[in-house]
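Report on the structure given below.
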Amino acid sequence: NISKLYLIDSYEENPKAVECFSKESLLDAKKDAKARMKAFGNKIVWIHKLSDEAFREINEQVDFVYVDADHDYEPVKQDIKNSYDILKKGGILAGHDLTYPGVFRAYSEFLLEHKMSANIEATICPPGEHWSADWWIIKE
């Protein structure tokens, strides 16, 4: 029952990011995302900007935000703040890659600042890959 789905990704190289992807891999990811989301048609609002800029274009409160962008502390901290600001009461803010130090620090500090409990689910990855963890917050 999705009425609107905001998808934010600049699909541009960011040499300052913890994980830097090539222009070709980003174009492939963009094509893949467009193909996978085609079924949702006109319910999708694509915003091809960095998240800090993109949040300025969302002028309503939302039910759910999933953060999985830059994994450095400052950008994650800003993404969590921006996401929480547009989240409806009872909405869910979630994210990925809690195993990255910047993500862990930003999430932990947010929880401490707002006196919230952690919600974490570990992900078992195929052999040879790093394990990961998803996290979430429910806005009260």
Side-chain angles (χ1 to χ4, degrees):
N1 294 329
I2 294 172
S3 61
K4 188 182 293 184
L5 182 62
Y6 290 99
L7 297 177
I8 300 170
D9 198 317
S10 68
Y11 294 103
E12 293 179 8
E13 292 176 277
N14 183 356
K16 293 188 278 183
V18 171
E19 291 182 306
C20 187
F21 300 98
S22 71
K23 191 173 211 161
E24 295 78 23
S25 67
L26 290 167
L27 286 173
D28 288 344
K30 184 177 182 178
K31 287 178 192 173
D32 187 44
K34 297 271 184 179
R36 288 175 183 239
M37 303 310 291
K38 190 174 183 176
F40 295 99
N42 60 359
K43 294 179 179 186
I44 294 180
V45 177
W46 294 93
I47 304 176
H48 297 299
K49 296 181 177 180
L50 295 175
S51 57
D52 202 34
E53 297 171 32
F55 277 105
R56 295 182 204 135
E57 294 190 19
I58 302 173
N59 299 314
E60 62 183 313
Q61 290 200 299
V62 300
D63 298 305
F64 179 76
V65 178
Y66 191 83
V67 176
D68 187 21
D70 193 321
H71 294 68
D72 281 331
Y73 168 71
E74 288 295 338
V76 175
K77 180 179 176 180
Q78 192 63 43
D79 282 347
I80 291 173
K81 181 203 174 304
N82 288 338
S83 299
Y84 198 76
D85 287 347
I86 66 166
L87 200 61
K88 290 179 184 176
K89 185 176 180 177
I92 298 171
L93 167 57
H96 188 54
D97 292 324
L98 194 61
T99 55
Y100 283 80
V103 176
F104 182 83
R105 179 178 169 200
Y107 177 62
S108 299
E109 286 179 4
F110 189 88
L111 293 176
L112 289 170
E113 181 182 330
H114 291 85
K115 297 176 177 49
M116 297 174 156
S117 298
N119 298 289
I120 301 168
E121 178 71 30
T123 304
I124 299 171
C125 298
E129 292 186 23
H130 75 281
W131 70 278
S132 190
D134 290 310
W135 56 267
W136 66 94
I137 298 166
I138 300 171
K139 188 170 185 177
E140 297 179 358

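The figures here come from the full heavy-atom set of this structure, side chains too, leaving out hydrogens, waters and symmetry mates. In this text, all values refer to a predicted model and were calculated from it rather than measured experimentally.
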Extract all donor-acceptor atom pairs below 3.5 Å that involve side chains of residues 43-50 and protein atoms in other chains or at least two apart in sequence.
{"from": "K43", "atom 1": "NZ", "to": "I2", "atom 2": "O", "distance (Å)": "3.0"}
{"from": "H48", "atom 1": "ND1", "to": "D9", "atom 2": "O", "distance (Å)": "3.2"}
{"from": "H48", "atom 1": "NE2", "to": "K34", "atom 2": "NZ", "distance (Å)": "3.4"}
{"from": "K49", "atom 1": "NZ", "to": "E57", "atom 2": "OE2", "distance (Å)": "2.3"}

Are any of the side-chain heavy atoms of S83 and V67 separated by less than 4.5 Å? yes
Whether over 12 other heavy atoms sit under 6.0 Å from F110 CZ: yes
So which pairs with a foot in residues 112-122 pass side-chain hydrogen bond (donor to acceptor under 3.5 Å, both in side chains), sequence neighbours left out? none
Of all residues at least two apart in sequence or in a different chain, which pass the side-chain hydrogen bond (donor to acceptor under 3.5 Å, both in side chains) check with D28? none
Side chain to side chain contact (heavy atoms under 4.5 Å, CB included) filter on A122, not counting sequence neighbours, yields W131
Who pairs with Y66 by side chain to side chain contact (heavy atoms under 4.5 Å, CB included), at least two apart in sequence or on another chain? F64, D68, A94, H96, D134
For the atom pair OG (S25) and NZ (K30), what is the distance rounded to the nearest 0.5 Å? 13.5 Å
Answer yes or no: does atom CD of E60 have more than 12 heavy-atom neighbours from other residues, nucleotides or ligands under 6.0 Å? yes
Which distance, rounded to the nearest 0.5 Å, do you find between the CD1 of I138 and the CG of L93? 10.5 Å
Residues passing the side chain to side chain contact (heavy atoms under 4.5 Å, CB included) test with V76, sequence neighbours excluded, are I80, V103, A106
Counting distance only, does the side-chain N/O of Y107 pair as donor-acceptor with the main-chain N or O of W136 below 3.5 Å? yes
